[in-house]
Amino acid sequence: MLHTKNIDRTRAQESTNAIEKLYISMRHLFSRGFYKPMGVSGETLRKSLLLLRPEIYGSIAEEKIELDGLVYVLERLPEGIEQCQFINLTADEGYKNSHFEPIIPPKRRRNCYRIDKDQMNIEITRGRSEIYDILTHLTFLFIESHKIQERVSLNEGESFIREWLHLEDIVLHQKKINDKEREVLIVHLGNILGRTFDEVSHIYKVFATEENPHKFFDLIYWLGKLAIKEVYTNEKRTVTFSSLLIEEIGHHIYGEIWANDIKHILKEYNLLKRPIHIISANMHSVLNSIYAKGALPEEAENSKGFELYRLLSNVNSKDLQKKVKDYASENGLIYVKDTSGTNINVQIIDTDKINFDVSPFQKVNSIKENAVIIVMDYAFGEQAFETMDELLKPYEADNEKVHLDVKSVSIMGKAGILEGGKGDIMIPTAHIFEGTADNYPFKNELKKEDLEGFGVRSFDGSMISVLGTSLQNKDLLKFFHDSTWNVIGLEMEGAHYQKAIQSASKIRGNISEDVKVRYAYYASDNPLETGATLASGGLGMTGVTPTYAITQKILEQIF
């Protein structure tokens with residue numbers, strides 16, 4: 001007789017299943033056109049997120065309110081979204097030509113518009129990854145809001161605890177309060193949120209602005225108020241996807257416009273048929289590495305190592321940054337501000353016009369080349385495939401089809417590290433796409449040894465491309481790190497970039513089969529370490545050394 005075999009699933013397997021469910025559920029809701037996050041239609045999303053318990057969402061599965069996760073999410077969503085019952089995700093549908101003022105979240109470049117007191121529209125121009133990012137953040141936000149509702153409601157919503165009534169009185173009547181009254185309210189909020197006085201005091205200061213020092217009070221009140229309305233008056237929050245967005249997504253609409261704009265400028269400046277090196281990076285490291293020494297001779301004379309770049313990275317160095325940009329513009333740099341909607345700005349550098357007498361670099365590898373460097377700002381998730389795929393396509397104009405002579409593609413970015421800490425460097429040997437068996441091994445022109453001697457550690461191995469930073473899960477990451485996959489870190493774009501490069505060079509013949517690729521990442525967080533996740537804050541000056549070390553090695557190989 002055959003006995004049924006009981007199979008106990010590990011937390012890593014459960015997490016994999018939760019990610020798959022999240023992914024499928026979000027695609028289904030997108031195709032459907034709308035859903036209610038805290039209703040029946042959003043149930044799979046909520047359950048999967050609670051099962052997954054992503055690291056940046058901290059105590060999402062506990063009764064107490066998650067404060068660091070709240071900061072992380074609200075830096076990536078438009079201001080005032082906590083007051084809105086209706087959230088519409090749209091394509092670029094012309095709101096910039098209206099009287100609506102764009103609201104741009106501090107940590108995500110996306111245009112958002114407050115249509116009225118109840119509705120927020122968010123423009124999606126960066127592909128599906130942006131939709132997943134927003135939906136997981138909204139789900140977290142609404143789960144937290146219902147925790148507040150449960151902690152303040154009495155008698156089926158007939159009455160509320162006195163701490164909530166006190167908060168409501170101050171927020172709705174915009175009462176001015178002194179320091180003592182503020183501390184009384186913080187004590188009350190500690191009770192509402194299940195947090196200590198110190199924790200609430202700290203987070204109150206994090207949210208405070210000059211215009212609105214009591215922003216945290218407003219935020220908690222409106223999150224709780226909308227959850228109360230959902231539960232007791234059935235006024236459900238609703239997320240809607242516009243028909244144009246549903247129609248456009250996945251069709252490279254914005255990527256094609258973006259790539260054609262770049263190629264048009266290359267043609268205009270007679271650079272289209274020159275050897276090209278593409279670098280995906282930020283908008284300052286290549287610029288400063290090539291031009292800062294020539295633009296700021298006195299500062300460069302008094303600086304050792306990367307001190308000049310630390311100085312330029314300081315928020316108070318606007319005048320020095322302007323000097324470097326002005327000098328660069330006179331010595332071969334063309335700045336292309338994005339108008340396509342991709343939110344990816346570009347710098348085109350004509351290396352023939354660089355004054356190598358005052359540059360840290362000398363022409364060695366490209367001595368016979370009058371190369372052009374295209375520096376593109378970071379893409380976001382799946383957008384990396386769209387933009388790179390379009391950029392590598394031939395340019396057709398004036399009845400002529402020109403294949404770009406792309407010599408190399410270099411990708412530098414931030415990533416989560418699984419061995420090491422913030423500021424360390426990862427050199428990938430392959431990209432693995434999370435949730436699938438897709439894998440992309442490649443020959444990386446950068447080696448671990450290249451990045452030694454800068455005072456930061458470097459690691460090499462596989463990198464996993466995840467669906468979103470908001471889905472980081474400790475058990476799953478530990479499995480990838482400890483197993484034979486030998487994963488050293490995680491990011492969102494690598495597999496997408498490599499997919500575009502491989503298809504353009506190995507299959508479609510759009511660029512040379514011998515194109516060189518370089519990938520290097522510096523660690524923004526370690527999701528396996530408590531207190532070292534993305535929600536714990538940015539890199540600050542810690543990021544200067546790895547950023548400029550990687551940039552220096554990329555440019556040395558190009559020049």
Decide yes or no on side chain to side chain contact (heavy atoms under 4.5 Å, CB included) for Ile488 and Leu418, but give the supporting numbers first.
CA-CA 5 Å; Ile488 54 166; Leu418 301 183; 5.9 Å; no

Give a yes or no on whether the backbone of Thr90 and the side-chain of Glu93 come within a donor-acceptor separation of less than 3.5 Å.
no

Heavy-atom check, side chain of Ile87 versus side chain of Leu138, under 4.5 Å
yes

Could you please spell out the steps behind the side chain to side chain contact (heavy atoms under 4.5 Å, CB included) verdict for Phe100 and Arg114?
CA-CA 7 Å; Phe100 298 114; Arg114 185 77 179 263; over 6 Å; no

Working note: Arg310 + Glu307, criterion salt bridge (Lys or Arg N to Asp or Glu O under 4.0 Å); need CA distance, chi angles, decisive distance, verdict.
CA-CA 5 Å; Arg310 282 193 182 85; Glu307 281 176 21; over 6 Å; no

Ring centres under 6.0 Å, that's the criterion: do Phe207 and His214 meet it?
no

Does some side-chain heavy atom of Phe241 sit less than 4.5 Å from a side-chain heavy atom of Ile131?
yes

With side chains defined as the heavy atoms from C-beta onward, is the minimum distance between Leu67 and Glu199 less than 4.5 Å?
yes

Is the positively charged end of Arg32 above the ring of Phe30, judged by distance under 6.0 angstrom from the centroid and angle within 45° of the axis?
no

Can a donor-acceptor pair be found between the side chains of Ser285 and Thr551 at a distance below 3.5 Å?
yes

Once rounded to the nearest 0.5 Å, what's the spacing between atom CD of Glu382 and atom CG of Leu467?
8.0 Å

Could you tell me whether the side chains of Tyr35 and Thr238 share a donor-acceptor contact shorter than 3.5 Å?
no

In plain terms, say whether Lys236 and Glu230 are close enough for a salt bridge, that is, a side-chain N and a carboxylate O under 4.0 Å apart.
no

Given the side-chain rings of Tyr95 and Tyr113, with only the six-membered ring counted for Trp, is the space between their centroids under 6.0 Å?
yes

Of all heavy-atom pairs linking Gly416 and Ser524, the shortest is N-OG, 4.3 Å

Just by distance, do the side chain of Arg195 and the backbone of Asn191 share a donor-acceptor pair under 3.5 Å?
no

Could you tell me whether the side chain of Asp179 and the main chain of Arg182 form a donor-acceptor pair under 3.5 Å?
no

Nearest heavy-atom approach of Pro54 to Leu49 is CD-O, 3.6 Å

Do Tyr132 and Tyr23 have ring centroids that are under 6.0 Å from one another?
yes

Donor-acceptor pair between His202 and Asp198 side chains, under 3.5 angstrom
no

Between Glu491 and Lys414, is there a salt bridge with N-O shorter than 4.0 Å?
no

Working note: Asp133 + Arg76, criterion salt bridge (Lys or Arg N to Asp or Glu O under 4.0 Å); need CA distance, chi angles, decisive distance, verdict.
CA-CA 9 Å; Asp133 189 57; Arg76 287 154 178 80; over 6 Å; no

Are the ring centres of Trp485 and Phe479 closer than 6.0 Å?
no

Roughly how far apart are Cys84 SG and Asp116 CG, rounded to 0.5 Å?
7.5 Å

Under 3.5 Å: donor-acceptor pair, side chain of Glu235, backbone of Lys229
no

Under 3.5 Å, is there a donor-acceptor pair between the side chain of Asp118 and the main chain of Gln85?
no

Side chain to side chain contact (heavy atoms under 4.5 Å, CB included) between Trp164 and Ile228: does it pass, once the steps are laid out?
CA-CA 12 Å; Trp164 177 257; Ile228 288 165; 3.8 Å; yes

Please report the closest heavy-atom contact between Leu490 and Met463, naming both atoms and the distance.
N-CE, 4.1 Å

Does the salt bridge (Lys or Arg N to Asp or Glu O under 4.0 Å) test come out yes or no for Glu75 and Arg108, once each step is laid out?
CA-CA 8 Å; Glu75 284 178 335; Arg108 283 281 185 268; over 6 Å; no

Is the centre of the Phe433 ring less than 6.0 Å from the centre of the His496 ring?
yes

From CZ (Phe140) to CZ (Arg46), nearest 0.5 Å:
15.0 Å

Within the distance-only criterion (no hydrogens, no angle test), does the side chain of Asn486 pair as donor or acceptor with the backbone N or O of Ser462 below 3.5 angstrom?
no

Atom CG of residue position Asp319 - does it have more than 12 heavy atoms of other residues, nucleotides or ligands inside 6.0 Å?
no

Electrostatic pair Arg110-Glu123, nearest N-O below 4.0 angstrom:
no

To the nearest 0.5 Å, tell me how far Leu22 CG sits from Thr136 OG1.
8.0 Å

Does Leu89 form a side chain to side chain contact (heavy atoms under 4.5 Å, CB included) with Thr240? I'd like the steps, not just the answer.
CA-CA 6 Å; Leu89 305 191; Thr240 306; over 6 Å; no

Atom pair CD1/NE2 of Ile417 and His481 - distance to nearest 0.5 Å
9.0 Å

Evaluation steps, salt bridge (Lys or Arg N to Asp or Glu O under 4.0 Å), between Glu63 and Lys147:
CA-CA 7 Å; Glu63 282 187 18; Lys147 289 184 194 175; over 6 Å; no

Can you tell whether the side chains of Asp377 and Lys337 come within less than 4.0 Å, N to carboxylate O?
no

Contact between Glu183 and Phe197 at the side-chain level, heavy atoms closer than 4.5 Å - yes or no?
yes

Looking only at side-chain N and O atoms, does Tyr57 offer a donor or acceptor that is under 3.5 Å from a partner on Glu66?
no

For Gln383, is there any backbone N or O sitting under 3.5 Å from a side-chain donor or acceptor partner on Glu386?
no

CG-NE2 distance between Leu141 and His146, expressed to the nearest 0.5 angstrom
10.5 Å

Does Glu130 come within less than 4.0 Å of Arg126, counting only side-chain N to carboxylate O?
no

Hey, does Thr387 have a side-chain heavy atom less than 4.5 Å from the side chain of Trp258?
yes

For a side chain to side chain donor-acceptor pair (under 3.5 Å) check, start with the C-alpha distance between Tyr378 and Ser280, then their side-chain angles and the critical distance, and finish with the verdict.
CA-CA 6 Å; Tyr378 297 124; Ser280 170; over 6 Å; no

Side-chain heavy atoms of Thr547 within contact of Tyr309, under 4.5 Å:
no

Under 3.5 Å, is there a donor-acceptor pair between the side chain of Asn526 and the main chain of Gly420?
yes

Closer than 3.5 angstrom, by distance alone: can the side chain of Asn314 be matched with the main-chain N or O of Ser317 as a donor-acceptor pair?
no

No-hydrogen, no-angle side-chain donor-acceptor test under 3.5 Å, Tyr254 and Glu248:
yes

I'd like to know if the side chain of Ser145 and the backbone of Phe142 have a donor-acceptor N/O pair within less than 3.5 Å.
yes

For the NZ atom on Lys47, are there more than 12 heavy atoms of other groups (residues, nucleotides or ligands in this structure) within a distance under 6.0 Å?
no

